[in-house]
Amino acid sequence: QWVYNILEKKAEADRIVHENPDPSNGFVLVPDLKWNQNQLDDLYLIALVHRRELKSLRDLTAEHLPLLRNVLQEGKEAIVKRFGVPGSQLRIYLHYQPSYHHLHVHFTALGYDAPGSSVERAHLLADVIDNLAMDSMYYQKRALTFPLRADEPLFKKFQEAGKV
């Protein structure tokens, strides 16, 4: 609901850094709640796409390339304009598994060791775009490895199914 409140401007409308209102290829860029916006060393923003049917990396196909390219290009432009941080100094990625199931993209300062920015969980947006350009069904077919903590409900489900 938090995501939908932002997209519908019922909450945090004053925090929006950039919006592309296109319902198919648009998104809202907001500072992550973990970032206090006082320094750039731990810059952290989230792009929330307008398309509600997109839950995670697994839903993406070549059809979504215009959306993903918009997020990449416009997100970098908005961040350099507002905060003076160039795209070359950003890590731009998606999580798999995501912490919430509405497609979103993380923008963090390159030097900031953000939670979940390691290779086991983060998929660089530029790589996602390249993979989908080569094979539209890449993320439906590819095995994706991801870490789970022992206290996570999904880990317990794997245990119950005898997969761990």
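All of these numbers come straight from a predicted model, not from anything done at the bench.
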Cluster overlap L110 with I46, hydrophobic side-chain contacts below 4.5 Å: no
Distance (rounded to the nearest 0.5 Å) between Q39 CD and Q37 CD: 10.0 Å
Any L144 side-chain heavy atom under 4.5 Å of H123 side chain: yes
Side-chain heavy-atom pair L33, W2 within 4.5 angstrom cut-off: yes
Residues D41 and Y112: side-chain donor-acceptor under 3.5 angstrom: no
L43 side chain reached by L90 side chain, heavy atoms, under 4.5 Å: yes
Residue of the set H50, H18, H64 for which ring-ring contact (aromatic ring centres under 6.0 Å, His included) holds with F27: H18
Backbone of D22 reached by a side-chain donor or acceptor of N25 within 3.5 Å: no
hydrophobic_cluster_shared for L40 and L45, side chain cutoff 4.5 Å: yes
Note, R15 side chain near I6 side chain (heavy atom, < 4.5 Å): no
Y93 OH to H104 NE2 distance, which is reported to the nearest 0.5 Å: 9.0 Å
Nearest heavy atoms of F107 and A47, plus distance in Å: CE1-CB, 3.8 Å
Y139 vs V128, side-chain contact (heavy atoms from CB on, under 4.5 Å): CA-CA, chis, key distance, verdict: CA-CA 9 Å; Y139 290 100; V128 170; 3.4 Å; yes
V80 with F83, same ILVMFWY side-chain cluster at under 4.5 Å: no
Interatomic distance, L124 atom CG to I92 atom CD1 [nearest 0.5 angstrom]: 9.0 Å
Check: L94 and L60 side chains under 4.5 Å, non-hydrogen atoms: yes
Contact check, side chains of Q97 and S56, non-hydrogen atoms, under 4.5 Å: no
Value rounded to 0.5 Å, distance of CD in E77 from CG in N70: 10.0 Å
Test side-chain hydrogen bond (donor to acceptor under 3.5 Å, both in side chains) applied to R58 and Y96, step by step: CA-CA 9 Å; R58 287 282 188 205; Y96 191 80; 3.3 Å; yes
Aromatic plane relationship, H106 with H95 - under 30° parallel, 30 to 60° tilted, over 60° perpendicular: tilted
Residues S24, E63; criterion side-chain contact (heavy atoms from CB on, under 4.5 Å); working and verdict: CA-CA 10 Å; S24 184; E63 170 206 342; 5.7 Å; no
K156 to A150 - nearest heavy-atom pair and separation: NZ-O, 3.3 Å
Straight-line distance of L72 CG to L125 CG, nearest 0.5 Å: 5.0 Å
Donor-acceptor under 3.5 Å (Q73 side chain, L68 main chain): no
Least distance between heavy atoms, D135 atom then K141 atom: OD2-NZ, 2.8 Å
Shortest non-hydrogen contact between P66 and A62, atoms and distance: CD-O, 4.2 Å
Check ion pair R82-E74 (N to O, under 4.0 angstrom): no
Gap between atom CG of L48 and atom CD of E19 - 0.5 Å precision: 10.5 Å
Nearest heavy atoms of A78 and L29, plus distance in Å: CB-CD2, 4.0 Å
Exceeds 12 heavy-atom contacts within 6.0 angstrom, atom NZ of K55: yes
Ring-face cation of K34 near Y44 (centre distance under 6.0 Å, axis angle within 45°): yes
Pi-cation contact, Y4 with R52 (under 6.0 Å, within 45°): yes
Same apolar cluster: M137 and I129, side chain cutoff 4.5 Å: no
P31 side chain reached by V17 side chain, heavy atoms, under 4.5 Å: yes
Common cluster, V30/L54, ILVMFWY with side-chain heavy-atom separation under 4.5 Å: yes
